[in-house]
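Order of the sequence lines sets the chain letters (A, B, ...), proteins ahead of strands, with each chain counted from 1. What you see is a predicted model; the values in this text were computed from it and never measured.
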Amino acid sequence: MIEAPFLHCLARHFMSSSTPRHSAPGLDIRHHLIHLLRTALGSVAPGQMDAEILLERPKQASHGDFASALALQLARSLKTSPRQIAERLVRELPPSPWVEKVDVAGAGFINFTLTAAARNAVVHAVLAAGERFGRGSCKDRRLQVEFVSANPTGPLHVGHGRGAAYGASLAALLEFAGFEVSREYYVNDAGRQMDILALSTWLRYLALFGEPLPFPPNAYQGGYVVQMAEQIAAAHGDGYRRPAAAVLAGLPASDDPDLRLDALIASAKELLGAGWNYIHQHALSEQLTDCREDLEEFGVHFESWFSERSLYDTGKVAAAVDLLAAGGHLYEQDGALWFRSTAFGDEKDRVVRRENGIYTYFASDIAYHLNKFERGFDTVIDVWGADHHGYIARVKGALTATGADARRLEVTLVQFVSLFRDGEKVSMSTRSGEYVTLRELRQEVGNDACRFFYMLRKCDQALDFDLDLAKSQSNDNPVYYVQYAHARICSLLAQLDDPAAAGTAAVTTDLSPLCHEREAALCQRLGEFPELIENAARDFAPHALAFYLKELAADFHSWYNAERVLVDDRSLRQARLALALATRQVLRNGLSILGVSQPESM
RNA sequence: GCCCGCGUAGCUCAGUGGAUAGAGCGACCGCCUCCUAAGCGGUAGGUCACAGGUUCGAUUCCCGUCGUGGGCACCA
């Protein structure tokens, strides 16, 4: 999924701490164990020193804290049974103060059981690192994540909401993994859709003054269009009123609704002159402002809002097309200008300039992506709706044709959201204005539940959004489960005389009293966080973080229910408080990446 | 027709080239004189769509079939 240069950075980060550090096993016990295995491998099979040593977390507690299938991997090349290899490897393992015991089990697995001290050490690691626990470091790589980028022709709907939640969480995740990330919204403020919105607004405006005009079925139907018309009427009276007869004069008798709409737009431009620009601009800024506020309230921020129109104004679109032409990648046919994208793996060639002389959206998109590359991002990530799937080949093809490295562009497709109300699928259409907006969803469900709910499905899976369930505020929503764990820990601290002091002291607390099974499980889960971040960032999979947080909360609730934290035994109480504090820290780190709040009480 | 997803417990979905495939919901049985019961423990529930192939090992990778969703504009 991720191209080579990207992987390289993560891999380097991964390897950077592979030197064994006996002083701080909690931070990289994995690498310590890998080092032990590699040392043993040097004795048992020097020729296999390059073999990748995989360590996994066994699903079963009886299989220890870490397991390696190294012996099974080597069986063939060494022509020896896996169990035999495993036993030899175990004999050659250097002694380690952090390993309680090593078993050979099953077909030849090597299972490591850590000492309690090694297992508990993660608590200190978390508390020492604080909000930096789990962070990676890939400082030298700049990424851009472009997402949402919905046409500013109406309120965002729940589908946009998914793209917003996914993109924002992905960007935050990559940032946490150590990349320099810039978030961008591409504003399609040029083109026909905006013209249609302006026309729709004007027609509603004329209707306010009683002009007898039919409202085209393929114009924007939403109530917000009427509102904009009313605003304009309130501010400018009938200044933009024109007789219906004049509007309709000269319209083609065609049955094609699109042709009729284009003719209406042309008529409006002619009748209004500069007034058209005003209405167009008014509609754009109204919708863009609405969109921006909506996203801000949703906790989704952008470093930049990039105007498509600016690409035209600065000649970038024409320049991009010229660049393709100079490379001999364009040809004329039927009056249009075509890009030979089939030469770059696309199914068919694509038009960049229409017969009527107007550039296609594709043309400006080429210019846009060239511009992204010019801005120096190492990797550019586009989050698109799944319906843009067919678009990838042509954009990458165009980039390749201009000599750019298309591998620097990563496209992630987010599948559709289907809404269900009363058990029935809600049909939605942007044009007809019949859809549930993101704002409505947020107001009814709450931002936290919304953000988390969107992350409960991997992005390439269609999401069925049950409105009734989401609106019901029921306990079924896992966000409460995770937040509740956080609130419970805060509640514990609130009962102490000096919560702040407890937090400071926890960093050096003696953890040896932590010896219960559930405490070990919780420590193990905390220790997984850094690698979870690493893998989720590599896979562009913020949903994995949501699932992890559910599991972490489950481990916490289970422990909390079984063991009392505020016991009389001071050393035990301190140790358990430290574990609770570490859990709270990881919950915070994870939830903040997902844009979900961490309430202190519920 | 071609291209891209997806088919895992009754439902909604995770997951993985390795040891007995997991969670939530639903069902059933339990747990508050005790740090928040928005919680916990337990029981039941599976031919990982089907058929081949690669492999020591496939639910995972490859081919095919079936089912299902989406895409195949001089729209954006």
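The stacking criteria are not both satisfied for A:Phe416 over the base of B:G69, which would need a centre-to-centre distance under 5.5 angstrom and an angle between ring planes under 30 degrees.
Side-chain N or O atoms of A:Arg518 include none that pairs as donor or acceptor with a backbone N or O of A:Ala562 at under 3.5 Å. For A:Gln221 (side chain) and A:Ala219 (main-chain N/O), a donor-acceptor pair under 3.5 Å exists by modelled atom type. A donor-acceptor distance shorter than 3.5 angstrom exists from the side chain of A:Arg451 to the backbone of A:Leu594, with no hydrogens or angles considered.
Put simply, CD1 on A:Ile265 is 13 Å from C1' on B:A76, counting in whole angstrom units. With rounding to whole Å, A:Leu413 atom CG is found 14 Å from B:C6 atom C1'. Atom CG in A:Asp346 sits about 13 Å away from atom C1' in B:C2, given to the nearest Å. Rounding to whole angstrom units, CZ of residue A:Phe362 and C1' of B:A76 are separated by 14 Å. With rounding to whole Å, A:Asp568 atom CG is found 14 Å from B:C35 atom P. For the pair A:His486 NE2 and B:G39 C1', the interatomic distance rounds to 17 Å; values are reported in whole Å. Spacing between atom CZ of A:Phe556 and atom C1' of B:G39 amounts to 10 Å, rounded to whole angstrom units. For A:Arg83 and B:C56, the CZ to P distance is 20 Å, given to the nearest whole Å.
Partner of A:Leu493 under the side chain to side chain contact (heavy atoms under 4.5 Å, CB included) criterion, out of A:Leu581, A:Asp498, A:Val565: A:Leu581 alone.
Taking the six-membered ring where the residue is Trp, A:Trp384 and A:Tyr391 present perpendicular rings, their angle passing 60° and hence far from 30°. The aromatic rings of A:Phe344 and A:Phe339 lie parallel to each other, their planes meeting at an angle below 30°, with 60° marking the opposite boundary.
Residue contacts shown for A:Ala105 include a base, since a base heavy atom lies under 4.0 Å away. Nucleic acid contact class of A:Gln483 (heavy atoms, under 4.0 Å, all strands): none. Residue A:Ala487 is in base contact, counting any heavy-atom pair closer than 4.0 Å across all strands shown. Within the nucleic acid shown, A:Glu563 comes within 4.0 Å of at least one base atom, counting heavy atoms only. Contact annotation for A:Arg57: no contact, since no heavy-atom pair falls under 4.0 Å across all strands. If you check every strand for non-hydrogen atoms under 4.0 Å, A:Ala75 touches nothing. Nucleic acid contact for A:Ser81: none, since no nucleic acid atom lies under 4.0 Å from a heavy atom of the residue. At the heavy-atom level, A:Ala544 lies nowhere under 4.0 Å from the strands shown.
With distances taken from any side-chain atom of A:Ser558 to the nucleotides B:A76, B:C74, B:C40, the minimum falls on B:C40. Among the nucleotides B:C74, B:U12, B:G39, the one closest to any side-chain atom of A:Asp334 is B:C74. Each of B:C34, B:A37, B:C6 was ranked by its minimum atom distance to the side chain of A:Tyr560; first place goes to B:A37. Across B:C74, B:C40, B:A38, the shortest atom-to-atom separation from the side chain of A:Met602 is found for B:A38. With B:G71, B:A19, B:A76 as the candidates, the nucleotide lying closest to the side chain of A:Glu347 is B:G71. The A:Phe547 side chain lies nearest to B:C13 when the options are B:C35, B:G41, B:C13. Listed candidates were B:A19, B:C35, B:A37. Nearest to the side chain of A:Leu492 is B:C35. Across B:C35, B:G39, B:G70, the shortest atom-to-atom separation from the side chain of A:His389 is found for B:G70. Of the candidate nucleotides B:C6, B:C40, B:C74, B:C6 has the atom nearest to the side chain of A:Gln461. Of the listed nucleotides (B:G5, B:C13, B:G15), B:G15 has the atom at the smallest distance from the side chain of A:Lys458.
Side-chain N/O atoms of A:Arg457 include one lying less than 4.0 angstrom from OP1 or OP2 on B:C13. Between A:Tyr481 and B:C40 there is a side-chain polar atom (N or O) within less than 4.0 angstrom of OP1 or OP2. Under 4.0 angstrom from either OP1 or OP2 of B:G71 there lies no side-chain N or O belonging to A:Lys348. Contact annotation: A:Arg573 does not reach the phosphate of B:C35 (side-chain N/O to OP1 or OP2, under 4.0 Å). Under 4.0 angstrom from either OP1 or OP2 of B:G15 there lies at least one side-chain N or O belonging to A:His543.
Base pairing of B:G17 is not made with any nucleotide, judged by Watson-Crick or G-U wobble geometry with both donor-acceptor distances under 3.5 Å. Figure legend. B:U68 is base-paired to B:G5; pairs are counted as Watson-Crick or G-U wobble with both atom distances under 3.5 Å. Across all strands shown, B:U12 is found opposite B:A23 as a Watson-Crick or G-U wobble partner, with both distances under 3.5 Å. Base pairing annotation: B:U47 forms no Watson-Crick or G-U wobble pair, as no partner gives both donor-acceptor distances under 3.5 Å. The partner of B:G57 cannot be assigned: no Watson-Crick or G-U wobble pair with both contacts below 3.5 Å exists in any strand. Base pairing of B:G39 is made with B:C31, judged by Watson-Crick or G-U wobble geometry with both donor-acceptor distances under 3.5 Å.
In terms of polar N and O atoms assigned as donor or acceptor, the side chain of A:Asn111 comes within less than 3.5 Å of the base of B:A19 in a complementary pairing.
Comparing A:Val351 and A:Ala107 by the nucleotide of RNA chain B that holds the closest heavy atom to each, the one mapping nearer the 5' end is A:Ala107. Closest-nucleotide positions on RNA chain B for A:Ser491 and A:Gly335 were compared, and the one nearer the 5' end corresponds to A:Ser491.
Distance noted for atom P between B:C50 and B:C4: 23 Å (whole Å). Rounded to the nearest Å, the gap between the C1' atom of B:A21 and that of B:A58 is 13 Å. For B:U43 and B:A23, the P atoms lie 11 Å apart once the distance is rounded to whole Å. Taking atom P on both B:U8 and B:U59, the two are 15 Å apart, rounded to the nearest angstrom. Spacing of C1' atoms, B:C48 relative to B:C13, comes out at 13 Å, to the nearest Å. For B:C72 and B:C61, the C1' atoms lie 28 Å apart once the distance is rounded to whole Å. Look at the C1' atom in both B:G17 and B:U55: the space between them is 9 Å, to the nearest Å. Spacing between B:G22 and B:G30 at atom P, rounded to whole Å, works out to 27 Å.
Base orientation of B:C4: anti, the glycosidic angle falling outside 90° of 0.
No close placement of the A:Tyr166 and A:His543 rings is indicated, their centers lying 6.0 Å or farther apart. Aromatic rings of A:Phe529 and A:Tyr548 (six-membered ring for Trp) have centroids within the 6.0 Å cut-off, being under it.
For A:Glu517, the CD atom is loosely surrounded, since the number of other residues' heavy atoms within 6.0 Å does not exceed 12. Taking a 6.0 Å sphere around CG of A:Asn356, one finds it holds more than 12 heavy atoms contributed by other residues, nucleotides or ligands.
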